[in-house]
Amino acid sequence: MPRSADMDYKQTLNLPKTDFPMRGNLPKREPEMLQRWQQLKLEEKLHAAGKGKPTFTLHDGPPYANGHIHIGHALNKILKDIIIKSKRMQGFHAPYVPGWDCHGLPIELKVDQKLGKQKREMSKVEIRKECRNYAREWVSIQSEEFQRLGIFGDWQHPYLTMTAGYEAATARELARFAERGGLFKGKKPVHWCSSCVTALAEAEVEYADHSSPSIYVKFRFNGELPNELRDAVGERPLDFVIWTTTPWTIPANLGICLNPALDYVVVESGDELLVLAEGLWQSVMQSLGREKGRVVASFNAGIFERQTCRHPLYARDSLIILGDHVTLEAGTGCVHTAPGHGMDDYIVGLKYGLEVYNPVDDYGRYRADLELFGGMKVAEANGAVNDKLNEVGALLQAANISHSYPHCWRCKKPIIFRATEQWFISMEANELRQKALTAIGQVEWIPHWGRDRIYNMIENRPDWCISRQRSWGVPITACYCSKCGHALADGKIMHHIADQFEEVGSDIWFEKDAGELLPAGTVCPECGGDEFRKETDILDVWFDSGVSQAAVVEPHPQLQYPADLYLEGSDQHRGWFHSSLLAALGARDRVPYKAVLTHGFVLDQNGRPMSKSAGNVIAPEKVIKQYGAEILRLWVATQDYRDDNRVGDDILKQVSEAYRRIRNTARYILGNIHDFDPETDLVATDEMLEIDRWALSRLAALTERMKRAYDEYQFHVLYHAVHNFCSVDLSSFYLDVLKDRLYTAPAKSLERRSAQTAMYRILDAMTRWIAPVLSFTADEIWTELPGEREESVHLAEFPASFDELRDLDLEERYSRLLQLRSAISKALEEARNAKLIGHSLDARVTLAAATGPWRELAENYRNELATLCIVSQAELVEELTDGKASDELPELVIRVDKAEGEKCERCWNYSKSVGEEEARPTVCRRCREALDA
RNA sequence: GGGCUAGUAGCUCAGCUGGCUAGAGCACACGACUGAUAAUCGUGAGGUCGGAGGUUCAAGUCCUCCCUGGCCCA
């Protein structure tokens with residue numbers, strides 16, 4: 001029970017006072033802040049404030065308009081937002097135009113599912129309308145979700161890849177490719193369902209067990225025998241043995257592929273000489289049911305490169321080629337290669353100039369003109385092929401195996417791999433590949449290894465297949481002559497069509513006939529025909545988003561070309577960074593970005609990718625509900641995003657603890673400057689107390705770190721710096737030491753104003769520094785800070801340099817004082833454990849130091865020691881025989897006693913001066929003076 | 001299998017071009033305070049720097065191999 005006098009004196013103290021709540025209550029207050037920003041018309045004001053300033057263009061990579069945002073989206077957008085906000089506060093005009101990727105298969109599939117059977121009676125235009133509505137719905141949902149994260153941007157005018165203007169721009173860029181000869185028609189194998197008569201994307205393929213034939217086939221070598229094998233083989237026939245589970249592709253065989261890194265052997269079995277990989281020959285012998293077999297020679301695959309074997313059924317050769325994809329996992333090490341029926345085969349075939357030969361039609365039948373099997377359904381052709389192979393003596397063995405095989409997701413029937421006509425962008429025309437490689441060297445990649453990553457991809461990638469056999473996308477605006485079938489992809493004509501997209505969008509392609517779309521008088525350059533049919537393929541969505549540099553950055557009045565920065569996950573080296581580069585160089589010979597920054601992926605707490613099936617998904621929505629968006633924002637700043645980013649309950653808990661530390665530090669300062677007006681009460685630096693100048697020097701140091709952290713996009717450095725500053729410099733030392741002065745000195749005294757000046761300047765600066773990350777909280781602090789200021793911290797700028805506040809000598813002295821303080825703290829802790837003291841103010845410290853720097857320091861600060869250590873008395877003596885030497889600083893001997901005198905009821909310091917005055921017997925002299933002031 | 005990349009206390013991160021007994025904060029344990037109080041302060045414990053070789057007077061830091069993850073391909 002406090003005595004009445006106690007209460008009276010408490011009234012005379014300057015205790016902290018603030019309405020700023022200790023707990024953020026973020027889930028509830030953030031929406032209020034969002035509303036406030038809207039009422040302020042903050043976005044408009046930011047735009048207005050940007051006028052006349054240099055522009056910083058961060059071009060937004062469009063997320064796919066399908067499904068709720070996940071934590072990876074949050075990471076990406078928050079990083080962008082931090083950068084945009086920090087650039088603004090550095091004095092740039094930094095507009096942010098968000099975008100969405102709206103075309104493509106996933107949306108079309110979702111709409112398919114929704115429509116069900118209904119779809120069959122609908123026209124392409126109607127289906128596309130459904131897709132458009134679907135995408136638009138998700139755009140608006142995701143937009144809300146992003147805004148809830150506190151992301152600033154022109155949300156009223158985002159760019160969508162499905163708007164008329166964007167589609168026109170897309171078609172126009174394609175026309176440019178055509179104009180420059182970068183567009184060509186070729187063949188490429190795709191998953192094909194012969195029953196649905198359609199190409200299938202990877203997402204539409206299901207894998208299921210299926211029984212297939214398993215055959216071993218001999219290909220008779222008919223080239224010139226390499227010298228290395230002369231002795232072993234002589235004049236005897238040599239057979240390369242291939243293994244396949246699709247005999248029906250044998251008619252399309254054009255090559256045999258060996259791995260140059262593997263060893264091969266010639267095995268003598270009966271009267272045959274068989275070529276097999278060394279690592280497989282014995283198991284093959286076993287499969288063939290042959291007991292005997294003898295290796296008569298071994299060799300490296302390279303000696304047979306570009307030699308030939310005879311096709312067992314047709315009068316043509318099969319080229320012996322080399323490829324890394326050949327493994328020892330199955331087969332013979334000699335891989336049957338049909339470029340028209342397999343992806344590996346296709347790619348390796350390109351290297352060797354093999355034809356992409358496909359003798360199979362849309363319905364899964366061999367073309368009528370195919371020798372031996374013409375007109376036969378390939379699904380039923382396996383037996384016939386085997387019989388024929390057997391007949392010519394090439395079949396070594398035929399059996400059946402069960403294995404995983406691709407099936408159509410819709411009709412559930414097994415599908416085939418089959419080359420079809422596709423549009424490509426050539427990597428070689430106009431030296432696109434070389435230009436891209438050169439351009440990569442001119443771009444700044446952050447982190448630097450991004451360069452190697454994309455360089456290797458561009459260096460090795462095949463031509464860009466931009467055809468998709470789908471409905472929901474921008475059409476490839478080519479036509480075919482109805483008479484001769486000639487493909488018309490003329491730049492001028494394509495521009496003419498693109499112009500028609502400008503007003504009404506690309507739907508017009510599906511609504512009108514070729515004759516209406518083409519310029520009047522168009523004739524086929526081959527046969528002079530004047531009737532055409534339209535291409536039905538649409539563009540790869542990567543082309544859509546790849547042209548955003550042309551469709552958005554270039555024409556947008558706020559943005560500047562090229563963009564200063566692209567910022568996406570590291571998967572986009574293959575995706576958007578890649579397609580943007582090729583699209584910009586291929587169509588216009590320009591590089592779309594000056595710098596590219598990548599972040600890693602979000603993983604769970606244990607470093608595993610998140611997935612529904614693993615049940616480890618952390619939805620942004622849930623984090624927002626439980627902790628607030630601010631915690632998600634701060635989490636982003638804790639991560640070194642160049643690597644993978646882990647998130648989980650424990651991590652989020654830790655982040656919210658850190659948040660509270662920062663928040664409470666701000667709150668405490670606000671409480672202590674409630675009666676401070678910077679207009680009138682600010683103390684000039686050279687009149688401030690030394691420790692207050694030290695605090696400002698630390699602020700100056702922090703400022704330098706902040707500047708660098710923002711410049712280098714190193715937000716985790718920023719986080720740690722701010723957090724350490726709050727914990728170490730402020731809370732545990734400076735603010736703790738300050739309490740006595742703040743509470744007990746007269747409210748308007750220089751001592752108190754000096755401290756308030758330091759605190760005010762610290763909080764003002766810190767609030768600005770954290771604003772890009774803690775956007776909600778910073779603005780909340782901002783409105784509580786005294787002084788004239790902008791309506792929102794986001795309209796303010798970062799603090800100028802504080803170089804003049806930096807005092808390295810002072811900091812050096814204080815770092816040693818802190819060491820001394822720490823030694824004393826340890827001694828106090830021992831005294832506390834011995835029940836000698838409770839609060840440190842109960843203590844009297846006696847200190848002795850041998851001559852030397854520590855002695856000197858202690859002498860220089862003998863009058864401040866008590867204050868710095870928050871003890872009632874501290875004395876420096878010549879010699880101390882009954883003290884204890886410090887472990888860390890052995891020159892120091894420390895003794896802790898109970899403080900002398902009585903405890904002052906007002907300031908809680910012990911002092912002999914308590915009781916000196918009869919009228920006020922319970923307070924010390926210092927307090928009496930303060931009360932009289 | 002290939003390209004790129006990461007692996008320092010339970011967690012998030014420092015540790016520059018090799019040089020003091022490897023640091024910080026948080027979390028944890030114990031204690032103090034009750035005038036930052038669902039706060040604040042102090043003390044303490046905690047690491048064979050993924051592993052194994054090697055170079056060097058000296059290696060978390062350089063080299064080789066291996067292990068475990070991630071992204072993108074195949």
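We name chains A, B, ... by the order of the sequence lines, and we start the count at 1 in each one. Remember, predicted model here, so these are calculated numbers, not experimental data. Below, each value reflects all heavy atoms present in this structure, side chains not excepted, and no hydrogens, waters or symmetry copies.
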Is A:Arg663 positioned over the aromatic face of A:Tyr659, cation under 6.0 angstrom from the ring centre and no more than 45 degrees off axis?
-> no
Watson-Crick/G-U partner (both atom distances under 3.5 Å) of B:A38 | none
Name the nucleic acid region contacted by A:Gly600, choosing base, sugar-phosphate or nothing; use a 4.0 angstrom heavy-atom cut-off, strictly under.
-> nothing
Which nucleotide, B:A36, B:G35, B:U5, lies nearest any side-chain atom of A:Leu15?
-> B:G35
Pairing partner of B:A29, by Watson-Crick or G-U wobble and under 3.5 Å for both distances, is B:U43
Pairwise C1' distance for B:C11 and B:C65, with rounding to whole Å | 31 Å
Aromatic ring pairing A:Tyr641/A:Phe715, orientation class (parallel under 30°, perpendicular over 60°, tilted between) | tilted
Would you call the rings of A:His723 and A:Tyr719 parallel, tilted or perpendicular if under 30° counts as parallel and over 60° as perpendicular?
-> parallel
Presence of donor-acceptor pair under 3.5 Å, side chain of A:Arg667 and base of B:A36 = no
In Watson-Crick or G-U wobble terms, with both distances under 3.5 Å, the base opposite B:U56 is none
Assign each of A:Phe733 and A:Gly450 the nucleotide of RNA chain B bearing its closest heavy atom; nearer the 5' end lies the nucleotide of A:Gly450
If we take the C1' atom in both B:G18 and B:C57, what is their distance in whole Å?
-> 12 Å
Return the stacking result for B:G70 and A:Phe601: yes when the ring centres lie under 5.5 Å apart and the planes under 30°, no otherwise.
-> no
A:Asp344 vs A:Met22, nearer the 5' end of RNA chain B by closest nucleotide = A:Met22
Yes or no on side-chain hydrogen bond (donor to acceptor under 3.5 Å, both in side chains) for A:Tyr264 and A:Asn259, after CA distance, side-chain angles and deciding distance?
-> CA-CA 9 Å; A:Tyr264 286 79; A:Asn259 189 325; over 6 Å; no
Would you kindly check whether a donor in the side chain of A:Arg453 faces an acceptor in the base of B:C72, or vice versa, at under 3.5 angstrom?
-> no
Do the side-chain N or O atoms of A:Lys835 get closer than 4.0 angstrom to the phosphate oxygens (OP1, OP2) of B:A32?
-> yes
Under a 3.5 Å cut-off for both distances, is B:C65 Watson-Crick or wobble paired, and to whom?
-> B:G51
Sugar-phosphate, base or nothing in reach of A:Asn460, heavy atoms under 4.0 Å = nothing
Does the B:A27 base have a donor-acceptor partner in the side chain of A:Lys653 within less than 3.5 Å?
-> no
Check A:Asp463 against A:Met427 and note the closest heavy-atom contact, atom names and distance.
-> OD1-N, 2.7 Å
Where does the angle between the aromatic ring planes of A:Trp769 and A:Tyr710 fall among parallel (under 30°), tilted (30 to 60°) and perpendicular (over 60°)?
-> parallel
Would you mind pulling out the nucleotide paired to B:G18, Watson-Crick or G-U wobble, both distances under 3.5 Å?
-> none
Looking at A:Gln639, does any N or O in its side chain come under 4.0 Å of the phosphate oxygens OP1/OP2 on B:C13?
-> yes
Donor/acceptor link under 3.5 angstrom from A:Ser731 side chain onto base of B:A36 = yes
Tell which nucleotide pairs with B:C4, taking only Watson-Crick or G-U wobble pairs whose two distances are both under 3.5 angstrom.
-> B:G70
Between CG of A:Leu634 and P of B:U12 the distance, given in whole Å, is 14 Å
Does A:Tyr743 have a side-chain nitrogen or oxygen under 4.0 Å from the phosphate oxygens OP1 or OP2 of B:A36?
-> yes
Can you tell me the distance, in whole Å, between the CG atom of A:Asp571 and the C1' atom of B:U5?
-> 14 Å
B:C41 phosphate, OP1 or OP2, under 4.0 Å from A:Arg661 side-chain N/O | yes
A:Glu657 (side chain) and B:C26 (base): donor-acceptor pair under 3.5 Å | no
Who is the Watson-Crick or G-U wobble partner of B:A24, with both distances under 3.5 Å?
-> B:U12
Are A:His723 and B:U12 close enough that a side-chain N or O sits under 4.0 Å from OP1 or OP2?
-> no
